[in-house]
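Structure first, then comments.
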Number of protein chains: 2
Amino acid sequence: MTRPRGRPHRDKAPASRDQILTAALELLDTGGIEAFTMRALADRLQVNPMTIYHHFGDRDGLIDALSEHVYAEVTAPASGTFHDRIRSLLNAYHDRVISHPGLTLLIFRQPAVFPRQAQRITDDIDQLLVEAGLPSERSRRWLNILVDFTHGAAIAAAMGDRSNSAVSDAKDDYDKTLTELLKGVET
Amino acid sequence: MTRPRGRPHRDKAPASRDQILTAALELLDTGGIEAFTMRALADRLQVNPMTIYHHFGDRDGLIDALSEHVYAEVTAPASGTFHDRIRSLLNAYHDRVISHPGLTLLIFRQPAVFPRQAQRITDDIDQLLVEAGLPSERSRRWLNILVDFTHGAAIAAAMGDRSNSAVSDAKDDYDKTLTELLKGVET
DNA sequence: ACCTGAACACCGTTCAAGT
DNA sequence: ACCTGAACACCGTTCAAGT
């Protein structure tokens, strides 16, 4: 009558936070937002769905951890001209955002999990604009332009072609467009 | 043993396409993307969920019909300067997008339903830029800037404050930012 | 601490049937 | 033509329990 319970295979290593995050990103990048379910992720990890809850609390917690993981290394170089520093920061951000468009959509869907990293990146851009000597209204306006444009470009990338060549084209295009926009900041 | 089947009340008018669309927009604007389910919409209409399927096929069909309905009247004025016509078109688009941020998110989520209206609006902007005499590479670049920025601003609005004052501030802000961007187009 | 199965309250959608 | 209830194959998540 009773079926076996508890951990079945002693030989299987316990799923680590990092393994779950890696598998989650793979699932999201491969199958898109539709395929990204707790149950599908558990299947991929050969694990019970509840294991994931043990590590991340709930789905929002997992998404939050994913964005911390993906955006962690987006930082501005410490030195250089204003132009170069902001261009470098935004390119780095765009690169992460375009590499995982599904994650971008997930974040946009749930206001509750707007990640600390995204907030920090926004703050960094803001600070760079202020350092560049822009008056506060102009700096706020250009912050919006740069951030909103980047997010819009992410959406376009998430909806369109996701082949390698399309991604590298998109990066190139973004950088060129950024240069065009930064002309506006500097006048 | 058998319970009553078929249409129960003769006094209830059949749900029209337009009633369903109106109720769907209300549900989406009030409760956001999370609350927007076929079953919740049916409840609100006091109707069986399957009634909606009869009119729109499936959920994607409903979203598609919603976007046709919401974006239908976004058009550029026939006459005026290039600057005024493009500004008017983009303000109209932004106004619709910001009035129904949940719809914007729904569309972004499903590449399959990128609506004809959105495509048409994009094409209209493109044509205005070409008419303005921009060389094709510059016109493609500015099309991306204007459209992606507008979508990014929509996302920001969808995630943030949705009070009446915040919405009117956002409109004002968008128009001012647009003017700033259009300076870049004209040089 | 880490993982499990069973269960709960939801989804979108298909089906066969009523009027 | 228009609408119905029941059912199917999913969801995220809670619970109580195993090792």
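When reading the values below, keep in mind they use all heavy atoms of this one structure, side chains included, and skip hydrogens, waters and symmetry mates. Per chain, numbering begins at 1; letters A, B, ... match sequence-line order.
The phosphate of C:dT4 has neither OP1 nor OP2 within less than 4.0 Å of any side-chain N or O from A:His54. Remark: A:His55 is in phosphate contact with C:dC3, judged by side-chain N or O atoms under 4.0 Å from OP1 or OP2.
Residue pairs meeting the ring-ring contact (aromatic ring centres under 6.0 Å, His included) criterion with at least one partner in residues 58-80 of chain A, sequence neighbours excluded, are A:Tyr71-A:Tyr93. Sequence neighbours left out, the pairs with a member in residues 46-67 of chain B that pass salt bridge (charged side-chain N to carboxylate O under 4.0 Å, His left out) are B:Asp64-B:Arg116. Within the structure, every pair that satisfies the salt bridge (charged side-chain N to carboxylate O under 4.0 Å, His left out) test and touches residues 86-104 of chain A, not counting sequence neighbours, is listed here: A:Arg87-A:Asp175, A:Asp95-A:Lys171.
Atom CD1 of B:Ile52 and atom P of D:dC2 are 15 Å apart (whole Å). One atom, CG of A:Asp43, and another, C1' of C:dG5, lie 15 Å apart when rounded to the nearest Å. Summarising the geometry, the separation between CZ on A:Phe56 and P on C:dA1 is reported as 18 Å, rounded to the nearest angstrom. Whole-Å rounding puts the B:Asn48 CG to C:dT19 P distance at 15 Å. Taking atom CG of A:Leu45 as the reference point, atom P of C:dT4 lies 11 Å away to the nearest angstrom.
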N/O donor to acceptor pairs below 3.5 angstrom from side-chain atoms of residues 125-133 of chain A, sequence neighbours left out:
{"residue": "A:Gln127", "atom": "NE2", "partner": "A:Glu131", "partner atom": "OE2", "Å": "3.4"}
{"residue": "A:Glu131", "atom": "OE1", "partner": "A:Arg85", "partner atom": "NH1", "Å": "3.4"}

Please list every donor-acceptor pair under 3.5 Å in which a side-chain atom of residues 35-43 of chain A meets a protein atom from a residue at least two apart or in another chain.
{"residue": "A:Thr37", "atom": "OG1", "partner": "A:Ala40", "partner atom": "N", "Å": "3.0"}

Letter by letter from the 5' end, nucleotides 7-13 of chain C scores (B base, S sugar-phosphate only, - none; protein heavy atoms under 4.0 Å) B---BBB
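In this view, A:Gln119 and A:Asp123 satisfy the side chain to side chain donor-acceptor pair (under 3.5 Å) rule, not counting sequence neighbours. By the side chain to side chain donor-acceptor pair (under 3.5 Å) test, B:Thr104 pairs with no residue at all, sequence neighbours left out.
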The dot-bracket string of DNA chain D, counting Watson-Crick and G-U wobble pairs with both distances under 3.5 Å, using [ ] for crossing pairs and | for pairs to another strand, is ||.|||||...|||||.||
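Ring geometry, B:His151 versus B:Phe108: the interplanar angle exceeds 60°, so the pair is classed perpendicular (tilted spans 30 to 60°).
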